[in-house]
Amino acid sequence: MPEQLKKRQMRVVGVRQVMRALKENALERVFLALDAAPHLRGQIEQAARENDIPLETVSTMEEMARLCRVDVPSAAAGLLKSDEKNSP
């Protein structure tokens, strides 16, 4: 599943974007780096739990950046729901 993070149109990267997408119920899965700051991990874990979104871990923020093909280490990423799932 982490391989899907490479597709730019299917994901969001970064704590702010993940939190925003969780509030909008736009994610189908959340990825969290184990070496992220504890308060950030706690926020994302709680929001994912409250929204019943599956959470997967990635070992480091550098690994997350590599999976997402971004240049900056990232604490979190999320897979966006597909359009079919968002339609009524």
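The first residue in the sequence is number 1, and the count goes up from there.
- Note: Arg29 CZ to Leu80 CG = 13.5 Å, rounded to the nearest 0.5 Å.
- Side-chain contact between Glu50 and Gln46 is present, with at least one heavy-atom pair separated by less than 4.5 Å.
- Using a 4.5 Å cut-off on side-chain heavy atoms (C-beta onward), Ser74 and Met61 make no contact.
- In this structure, CD in Gln43 is found 11.0 Å from CG in Leu22, a value given to the nearest 0.5 Å.
- The shortest non-hydrogen separation linking Ala36 to Arg41 is O-NH1, 3.1 Å.
- Contact check for Leu55 versus Glu45: side-chain heavy atoms found under the 4.5 Å cut-off.
- For the pair Val70 and Met64, the minimum side-chain heavy-atom distance is 4.5 Å or more.
- Here the shortest heavy-atom pairing between Val58 and Glu63 reads CG1-CG, 3.1 Å.
- Leu27 CG to Arg11 CZ: the interatomic distance, rounded to the nearest 0.5 Å, is 12.5 Å.
- Here the straight-line distance linking atom CD1 of Ile53 with atom CD of Glu28 works out to 8.5 Å at 0.5 Å rounding.
- Contact check for Val30 versus Asn51: no side-chain heavy atoms found under the 4.5 Å cut-off.
- In plain terms, the two heavy atoms of Ile44 and Ala76 that are nearest each other are CD1-CB, 3.4 Å.
- The one candidate from Leu67, Leu79, Thr57 that meets the side-chain contact (heavy atoms from CB on, under 4.5 Å) condition with Phe31 is Leu79.
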